[in-house]
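Shown next, in structure tokens, is the structure this report addresses.
All of these numbers come straight from a predicted model, not from anything done at the bench. Chain letters run A, B, ... following the sequence lines, proteins first and then strands; every chain starts at 1.
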There are 2 protein chains.
Amino acid sequence: MDSSAALVIFRKALEKFVVFNEAEWIVFTQHLTFSTLKKKQYFAAYDKVCDKVAFIVTGSVRYFHIKDGQDITGYFSFENEWVSSYKSYLTNQPSLTYIQALEDTRLINISKKDMDAMLNNPLLAYKMERFGRLIAEHYLCCYEDRVASFITQSPEERYLNLLSTGREILQRMPQHYIANFLGITPVSLSRIRRRLILAK
Amino acid sequence: MDSSAALVIFRKALEKFVVFNEAEWIVFTQHLTFSTLKKKQYFAAYDKVCDKVAFIVTGSVRYFHIKDGQDITGYFSFENEWVSSYKSYLTNQPSLTYIQALEDTRLINISKKDMDAMLNNPLLAYKMERFGRLIAEHYLCCYEDRVASFITQSPEERYLNLLSTGREILQRMPQHYIANFLGITPVSLSRIRRRLILAK
DNA sequence: CCAAAACGTTAACTTAAGATAAGAATTTTT
DNA sequence: AAAAATTCTTATCTTAAGTTAACGTTTTGG
């Protein structure tokens, strides 16, 4: 797949949030950069400012923390989704999480510098504000559900819930990543799975 | 405190996000409504669409879920902060949480209808998009930290962390609310506190 | 001002999760 | 193809959390 094919996919995905006319699109695309990450390469790292957001054309990434020498998975993003260490990007503070490619991954990047330029360019400003609003709101909704699951559900319930709605993650991720994602250890998840099989 | 005093406070708080000129401010304020909640009155309720966001002039609110007949506190908002069942507001879906006044509370409301009107009013559209973006981004950062705390910290660590940064919540909220907020039961929090006292 | 409700702690018991280690199966790397 | 690393399960032991109930204290509301 070449860059122009990637742009077609990207434009289509963007249109869920904002629709550009041709003049706007030309300027917008001048602020994009293409890149690839080899499997295990880092998109963001602990203690470094993450100065970009990116759209995943193909591939996937894993967000993780290191705590007491242990690798704890917090989230995943797949093709057609966005990736960034958002708080770091938004605040210019060092990232608390690592983000690593799970497989060879093609990205379309918008650097903070380019985003700010677009937000200050009268031709694009309005639509970029709108785009920023809608995408932040989209992820806000995801987070709201995720926090609610930690408050109101047991680890087993969170797993059952993931079973019923999280096909892609379940099929593509090793179980110890999923365990961390659910807020428990891999050993615990294995036991939960055992319990569920026996109860069935 | 009368409405105009409340508006002064509100305008000042808003200016962290967006600054209105006088003409814009006049139109903007026409889209606001003032209201009060008596202690224990609801701002939002389970299964009802929350069709507004509000700024808390004075008072405070508690977000909670009911699960198996039990009341589980998820969050708090205090004066000078915003309150909404955001996902419900943004998506027009029924709210999953109740939001209740903890004390008599004065609010400045923006209904979804008014917000949409402003987003479609050329005089305000740009600044309202910007405002929406910045506020969603602000809460996104809060959520990012909160999710990370559930993934990477034990209940005791979350409590210690709250001790060091959450003065207002700790001083004003009963402990069983705080326990739920941390993702544990009131009995558990009481034991954690006991352990910490003994260890000291 | 009194009765009722709410609050925080403690205890006893049950259940589940964390830590660690071992081992088998699978995958990746060289 | 062999070696190394990863993955998942299982077992043991320890620790902590959930559940329920009781009790004294404080707060609230009529």
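The salt bridge (Lys or Arg N to Asp or Glu O under 4.0 Å) search around B/K67 returns A/E157, not counting sequence neighbours. Annotation: salt bridge (Lys or Arg N to Asp or Glu O under 4.0 Å) contacts of A/K112 (sequence neighbours excluded): none. A search for salt bridge (Lys or Arg N to Asp or Glu O under 4.0 Å) contacts involving A/R158 returns nothing, not counting sequence neighbours.
Using a 3.5 Å distance cut-off with no hydrogens or angles, the side chains of B/S85 and B/S95 do pair a donor with an acceptor.
In summary, B/E81 and B/K16 do not engage in a salt bridge, as defined by a charged side-chain N under 4.0 Å from a carboxylate O.
Residue pairs that meet the ring-ring contact (aromatic ring centres under 6.0 Å, His included) test with at least one member in residues 100-120 of chain B, sequence neighbours left out, do not exist here.
Nucleotide C/dT9 holds its P atom 7 Å from the CD1 atom of B/I197, rounded to whole Å. Spacing between atom CD1 of B/I192 and atom C1' of C/dT10 amounts to 15 Å, rounded to whole angstrom units. Nucleotide C/dA6 holds its P atom 14 Å from the CD atom of B/Q70, rounded to whole Å. When rounded to the nearest whole Å, the span between CG of B/L198 and C1' of D/dT15 equals 16 Å. Rounding to whole angstrom units, CD of residue B/Q100 and C1' of C/dA6 are separated by 14 Å. Here the P atom of nucleotide D/dA16 and the CG atom of B/L182 are 16 Å apart, to the nearest Å. Across the protein-nucleic acid pair, B/D71 atom CG and C/dA6 atom C1' stand 12 Å apart, rounded to whole Å. Taking atom CD on A/E156 and atom C1' on C/dG18, their separation rounds to 17 Å, with Å as the unit.
A close approach under 4.0 Å does occur between a side-chain nitrogen or oxygen of B/R195 and OP1 or OP2 of D/dA17. A/T185 has a side-chain polar atom (N or O) that falls below the 4.0 Å cut-off from OP1 or OP2 of C/dG18.
When the nearest nucleotides of DNA chain C are assigned to A/I184 and A/K39 by heavy-atom distance, the more 5′-ward of the two goes with A/I184.
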Atom pairs, protein N/O to nucleotides 4-12 of chain D N/O, distance under 3.5 Å:
| unit_1 | atom_1 | unit_2 | atom_2 | d |
| --- | --- | --- | --- | --- |
| D/dT7 | OP2 | A/H176 | NE2 | 3.0 |
| D/dC8 | OP1 | A/Q175 | N | 3.1 |
| D/dC8 | OP2 | A/Q175 | N | 2.7 |
| D/dC8 | OP2 | A/H176 | N | 3.3 |
| D/dC8 | OP2 | A/H176 | ND1 | 3.3 |
| D/dT9 | OP1 | A/R193 | NE | 3.4 |
| D/dT9 | OP1 | A/R193 | NH2 | 3.2 |
| D/dT9 | OP2 | A/Q175 | OE1 | 2.8 |
| D/dT9 | OP2 | A/S190 | OG | 3.1 |
| D/dT9 | O5' | A/S190 | OG | 3.3 |

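For B/W82 and B/Y75, the ring centers sit 6.0 Å or farther from each other.
Taking the C1' atoms of five terminal pairs at each end of the helix from C/dC1-D/dG30 to C/dT30-D/dA1, the two resulting helix axes are inclined by 70°, rounded to 10°.
With a 6.0 Å cutoff to the six-membered ring centre and a 45° limit on the axis angle, B/R146 counts as a cation-pi contact of B/F181.
The hydrophobic cluster containing B/Y139 also contains A/L90, counting ILVMFWY residues as joined when their side-chain heavy atoms lie under 4.5 angstrom apart, directly or transitively.
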